[in-house]
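What follows is a set of notes on a single structure, which appears directly below.
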Amino acid sequence: ESFPHTPLYNVDTLSATISEPMTLLTDLLLAGLALTLSVRLRRSAAGHDRYAAAWWSVALFATGIAALAGGIWHGFFEWFSPPVAGALWRVTVWSIGVASCAMLLATVQARVALPWRRLLRALAIAQFTIYALWMTLHHEFVWVILDYAPAMLVVLALHGWAFWRSRSPPRCTRASS
């Protein structure tokens with residue numbers, strides 16, 4: 001059985017304006033910043049914290065991709081055919097999941113000692129796997145928040161706990177200029 005041809009864009013809405021111009025603009029700015037910081041951090045990572053810095057670089061890169069895809073979706077979703085809009089939305093939500101997982105992995109690498117590090121890494125990867133599978137069948141943004149918010153609370157708690165214990169800032173967050 002063959003599938004009917006699905007155009008990349010919706011012919012009826014080509015004369016449409018940008019759907020959400022401010023969201024498009026702020027997402028594109030966020031994408032540019034996150035991608036730039038990702039590249040700079042990746043280039044400057046060295047020493048024993050290079051693994052944590054590499055995961056932060058992945059997190060920033062995924063944030064940039066999510067912001068770029070999300071901005072395009074918010075700006076032009078009326079222009080795209082449903083399959084294209086759906087694929088763009090999936091890239092957005094999966095990239096946010098990659099970002100939150102990478103932030104967890106970076107924080108665990110920088111702030112947690114073995115053997116707890118192995119356990120928390122496994123939990124972070126399991127959380128992302130469940131989220132990615134769930135998001136193949138669901139598209140509501142509430143699921144993104146339910147994945148992202150707990151991850152960020154764990155990141156905040158681990159950095160706060162480490163700072164309180166050592167009274168020192170995180171080692172891997174300084175990027176050289």
Side-chain angles (χ1 to χ4, degrees), residues 1-14 16-35 37-38 42 51-52 54-109 112 116-159:
E1 178 179 2
S2 64
F3 292 97
H5 173 68
T6 303
L8 175 65
Y9 53 87
N10 186 346
V11 178
D12 297 330
T13 59
L14 280 181
T17 59
I18 295 174
S19 305
E20 299 174 31
M22 291 311 293
T23 305
L24 171 63
L25 177 63
T26 56
D27 279 1
L28 292 179
L29 290 172
L30 176 60
L33 177 63
L35 293 170
L37 292 174
S38 173
R42 187 69 163 174
Y51 297 113
W55 280 118
W56 276 112
S57 180
V58 169
L60 288 165
F61 185 81
T63 298
I65 295 301
L68 179 62
I72 292 169
W73 188 88
H74 280 287
F76 305 107
F77 67 89
E78 293 176 355
W79 295 35
F80 297 124
S81 66
V84 172
L88 194 56
W89 185 248
R90 296 248 188 274
V91 168
T92 302
V93 298
W94 283 335
S95 295
I96 295 169
V98 169
S100 66
C101 181
M103 288 180 203
L104 279 170
L105 292 171
T107 300
V108 166
Q109 180 67 36
V112 178
W116 291 104
R117 185 183 306 157
R118 286 188 188 105
L119 174 65
L120 292 175
R121 277 191 289 208
L123 289 173
I125 291 167
Q127 176 188 349
F128 171 72
T129 303
I130 292 166
Y131 168 78
L133 291 172
W134 182 262
M135 292 308 290
T136 60
L137 301 173
H138 300 85
H139 65 273
E140 299 86 9
F141 196 75
V142 67
W143 301 114
V144 176
I145 296 167
L146 290 174
D147 173 69
Y148 192 83
M152 294 306 96
L153 290 174
V154 170
V155 167
L156 179 64
L158 288 174
H159 280 291

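Predicted model, so just to flag it, every value in this text is computed and none were measured.
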### Query
Listed by chain and number, what are the side chain to side chain contact (heavy atoms under 4.5 Å, CB included) partners of Ala85, not counting sequence neighbours?
Trp73, Phe80
### Message
Rounded to the nearest 0.5 Å, what separates atom CG in Leu68 from atom CG in Leu24?
### Response
9.5 Å
#### Entry: Arg90 versus Thr136, closest heavy-atom pair with distance
NH2-O, 3.2 Å
### Task
Kindly write out the residues that satisfy side chain to side chain contact (heavy atoms under 4.5 Å, CB included) with Ile130, not counting sequence neighbours, or none if the list is empty.
none
### Query
What closest approach, in Å, do Ala124 and Cys101 show between heavy atoms, and which atom pair accounts for it?
O-SG, 3.7 Å
### Query
How would you list, by chain and number, every residue that makes a ring pair (Phe, Tyr, Trp, His ring centres under 6.0 Å) with Trp134, sequence neighbours excluded?
His138, Trp143
### Task
Quick one: list whatever passes side chain to side chain contact (heavy atoms under 4.5 Å, CB included) with Ala69, sequence neighbours left out.
Leu88, Val91, Thr92
#### Entry: Those residues that, when tested against Ser95, pass side chain to side chain donor-acceptor pair (under 3.5 Å) (two or more places apart)
none
#### Entry: Test item: His139 and Val93 side chains (from C-beta on) under 4.5 Å apart, heavy atoms
no
### Query
Could you give the distance from CD1 (Ile72) to OG1 (Thr23), rounded to the nearest 0.5 Å?
13.5 Å
### Task
Rounded to the nearest 0.5 Å, what's the gap from CD1 on Ile96 to OH on Tyr148? Could you check?
8.0 Å
### Query
If only atom types and distance count, is the side chain of Thr63 paired as donor or acceptor with the main-chain N or O of Ala59 below 3.5 Å?
yes
### Message
One pair to check against side chain to side chain contact (heavy atoms under 4.5 Å, CB included): Arg42 and Phe61. What are the steps and the verdict?
### Response
CA-CA 10 Å; Arg42 187 69 163 174; Phe61 185 81; over 6 Å; no
### Query
What are the two closest heavy atoms between Ala151 and Ser100, and how far apart are they?
CB-CB, 3.9 Å
### Task
Give me the ring orientation class for His74 and Trp89: parallel if the planes are under 30° apart, tilted from 30 to 60°, perpendicular past 60°.
perpendicular
### Message
Rounded to the nearest 0.5 Å, what separates atom CH2 in Trp55 from atom CG in Leu60?
### Response
13.5 Å
### Query
Which distance, rounded to the nearest 0.5 Å, do you find between the CG of Leu37 and the CH2 of Trp56?
12.0 Å
### Query
Atom CG of Leu33 and atom OG of Ser38: how far apart are they, to the nearest 0.5 Å?
11.0 Å
### Query
Taking only residues two or more places apart in sequence, or in another chain, which ones meet Val112 in a side chain to side chain contact (heavy atoms under 4.5 Å, CB included)?
Val108, Trp116, Arg117, Leu120, Leu158
### Message
If you count every heavy atom of other residues, nucleotides or ligands that lies below 6.0 Å from Phe128 atom CZ, does the total exceed 12?
### Response
yes
### Message
Quick test of your reading: applying side-chain hydrogen bond (donor to acceptor under 3.5 Å, both in side chains), list the pairs with at least one residue in residues 121-133, sequence neighbours left out, ordered by first then second residue.
### Response
Gln109-Arg121, Gln127-Asp147
### Message
So, using ring pair (Phe, Tyr, Trp, His ring centres under 6.0 Å) as the criterion, who are the partners of Trp94 when residues are at least two apart?
### Response
none
